Amino acid sequence: MWTACTVKVLDCLASTSVILKRCLRLGAAMAKSKFEYVRDFEADDTCLPHCWVVVRLDGRNFHRFAEKHNFAKPNDSRALHLMNKCAQTVMEELEDIVIAYGQSDEYSFVFRRKSNWFKRRASTHWPYHGIELISYIFFSCSTQRALHLQPLLYPPGFDGRVVVYPSNQTLKDYLSWRQADCHINNLYNTVFWALIQQSGLTPVQAQERLQGTLAADKNEILFSEFNTNYNNEPLMYRKGTVLIWQKVDEVTTKEVKLPAEMEGKKMAVTRIRTKPVPLHCDIIGDAFWKEHPEILYEDS
């Protein structure tokens, strides 16, 4: 299923290589022309070396996409699992990613400090650069997987940006910011949709009811009016999803044939494989980072 994404990218890159070689043969004289000075106007957008490079994707017009495809409110578990599966595929395609974090319609991919992926170019670099390739894989895989859930009226889209963080602490603060944002948004949405779905308020009335409320106020509304303890909501909704590389046991069926036997026997074989694994946990405190020190020190 996933190989189609890779094949299309590789085909494009192969075609590009042929075109570039042809241009080099035919246009060698142009490289020495008096017009070459215009290249001096190109900005150097290389990301700083020895820094964490984060590529963050955000859904484009996802509110409309969710409405058109009847996503459950406040959270659609199928859509979230779809996003996580697509992000896992991105990590498997691009092994320089050491950790990823996702919530709602966004995902952040963190490249290791020493990564030279796409020469650390931040902006568009023909034919593909970081955001475009990740968006392409993410888009293609999300479309393919979604087709197994329900027919798509139109495919999802993603915007992206590249941000550089110079230290371990600033990277941890960035990921903490995204998880704090997940908590704030999900708490609001949980109360907002409870007021609409269970109390019969209109979206405008629910918004007015929640205007100026603090987290404690929202928790109180959920508990006193809807008998809901927010702390019992699924961790994937409250904490988002963290993807890290872990060794897992993978069971496959293999045919084993002994010398004295005419026919082989099929046996279950367990092998250890390193793959991106989803976790739903707190990453703001120190416990997560103490348990997984290899994330920040993988290339020291």
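Computed from a predicted structure; not experimentally measured.
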Notebook entry, point to check: Out of curiosity, does Leu214 fall in the hydrophobic cluster containing Ile184 (side-chain heavy atoms, cut-off under 4.5 Å, transitive links)?
Noted result: no

Next item on the list: Taking side chain to side chain donor-acceptor pair (under 3.5 Å) as the test, write out the residues that go with His280, two or more places apart.
Entry: Thr241

Note to self: Just to verify, what does Gln207 make a side chain to side chain contact (heavy atoms under 4.5 Å, CB included) with, not counting sequence neighbours?
What the structure shows: Tyr188, Phe192

Next item on the list: Please examine the side chains of His81 and Met236, heavy atoms only from C-beta on, and report whether any two atoms are closer than 4.5 Å.
Entry: yes

Next item on the list: To the nearest 0.5 angstrom, please state how far the CG atom of Leu171 sits from the CH2 atom of Trp289.
Entry: 5.5 Å

Checklist line | Test side chain to side chain donor-acceptor pair (under 3.5 Å) applied to Ser176 - qualifying residues, sequence neighbours left out | finding: none

Next item on the list: Taking all non-hydrogen atoms of both residues into account, name the closest pair between Cys51 and Pro166 and its distance.
Entry: SG-CA, 3.7 Å

Checklist line | Interatomic distance, Asp282 atom CG to Lys239 atom NZ [nearest 0.5 angstrom] | finding: 4.5 Å

Checklist line | By ring-ring contact (aromatic ring centres under 6.0 Å, His included) - contacts of Trp177 (at least two apart) | finding: Tyr174

Notebook entry, point to check: Rounded to the nearest 0.5 Å, how far apart are OH of Tyr237 and CG of Asn186?
Noted result: 9.0 Å

Checklist line | Exam field: side chain Lys218 to backbone Thr213, donor-acceptor pair closer than 3.5 Å | finding: yes

Note to self: Taking Leu296's backbone N and O only, do any of them form a donor-acceptor pair with Trp52's side chain (distance below 3.5 Å, no angle check)?
What the structure shows: no

Next item on the list: Count the heavy atoms belonging to other residues, nucleotides or ligands that lie under 6.0 Å from CD of Glu95, then report whether that count exceeds 12.
Entry: no

Margin query: Minimum heavy-atom separation for Glu294 and Glu291, please, with both atom names.
Written below: OE1-O, 4.5 Å

Next item on the list: Check whether any side-chain heavy atom of Asn168 lies under 4.5 Å from a side-chain heavy atom of Arg113, and answer yes or no.
Entry: yes

Check: What heavy-atom pair brings Lys73 and Ala66 nearest, and what distance separates the two atoms?
Finding: NZ-CB, 4.1 Å

Checklist line | Side-chain donor or acceptor of Gln103 paired with backbone N/O of Arg178 under 3.5 Å | finding: yes

Checklist line | Residue pair Cys281 / Gln179: nearest heavy atoms and the distance that separates them | finding: O-NE2, 2.9 Å

Margin query: Under 4.5 Å between side-chain heavy atoms, counting indirect links through other Ile/Leu/Val/Met/Phe/Trp/Tyr residues: same cluster for Leu175 and Leu80 or not?
Written below: no

Note to self: I'd like to know if the side chain of Arg238 pairs up with that of Asn75 as donor and acceptor (distance under 3.5 Å, no hydrogens or angles considered).
What the structure shows: no

Next item on the list: Using the rule that two of Ile, Leu, Val, Met, Phe, Trp, Tyr join whenever any of their side-chain heavy atoms come within less than 4.5 Å, decide whether Leu187 and Ile196 are in one cluster.
Entry: yes

Next item on the list: With rounding to the nearest 0.5 Å, note down the distance linking CG in Leu82 to CG in Asp76.
Entry: 9.5 Å

Margin query: Take a 6.0 Å sphere around CG of Asn231 and say whether it holds more than 12 heavy atoms from other residues, nucleotides or ligands.
Written below: yes

Notebook entry, point to check: Side chains of Tyr230 and His183: closer than 4.5 Å at any heavy-atom pair?
Noted result: yes

Checklist line | Reported CD-to-CD1 distance for the pair Gln246 and Ile272, which is rounded to 0.5 angstrom | finding: 13.0 Å

Margin query: Under the side chain to side chain contact (heavy atoms under 4.5 Å, CB included) test against Tyr107, which residue among Asp58, Val90, Leu243 passes?
Written below: Leu243

Notebook entry, point to check: So, the side chain of His292 versus the backbone of Phe288: is there a donor-acceptor pair under 3.5 Å, distance only?
Noted result: no

Checklist line | Connected via hydrophobic side-chain network under 4.5 Å: Tyr101 and Ile295 | finding: yes

Check: Which heavy atom in Pro74 sits nearest to a heavy atom in Thr190, and how many Å separate them?
Finding: CG-CA, 4.0 Å

Margin query: Quiz question: by atom type and distance under 3.5 Å, do the side chains of Asp181 and Asn185 form a donor-acceptor pair?
Written below: yes

Checklist line | Spatial distance of atom OH (Tyr165) from atom NZ (Lys172) [nearest 0.5 Å] | finding: 15.5 Å

Margin query: Using side-chain heavy atoms (C-beta onward) and a distance below 4.5 Å, is Leu195 in contact with Glu225?
Written below: yes

Check: Residues in side chain to side chain donor-acceptor pair (under 3.5 Å) with Ser199, at least two apart?
Finding: none

Checklist line | Non-hydrogen atoms of Ala100 and Phe109 that approach each other most closely | finding: CB-CD2, 3.8 Å

Next item on the list: Go through the structure and list residues passing salt bridge (Lys or Arg N to Asp or Glu O under 4.0 Å) with Asp173, not counting sequence neighbours.
Entry: none

Check: According to a 4.5 Å side-chain heavy-atom criterion applied to Ile, Leu, Val, Met, Phe, Trp and Tyr, with indirect links allowed, do Leu57 and Met91 form part of one hydrophobic cluster?
Finding: yes

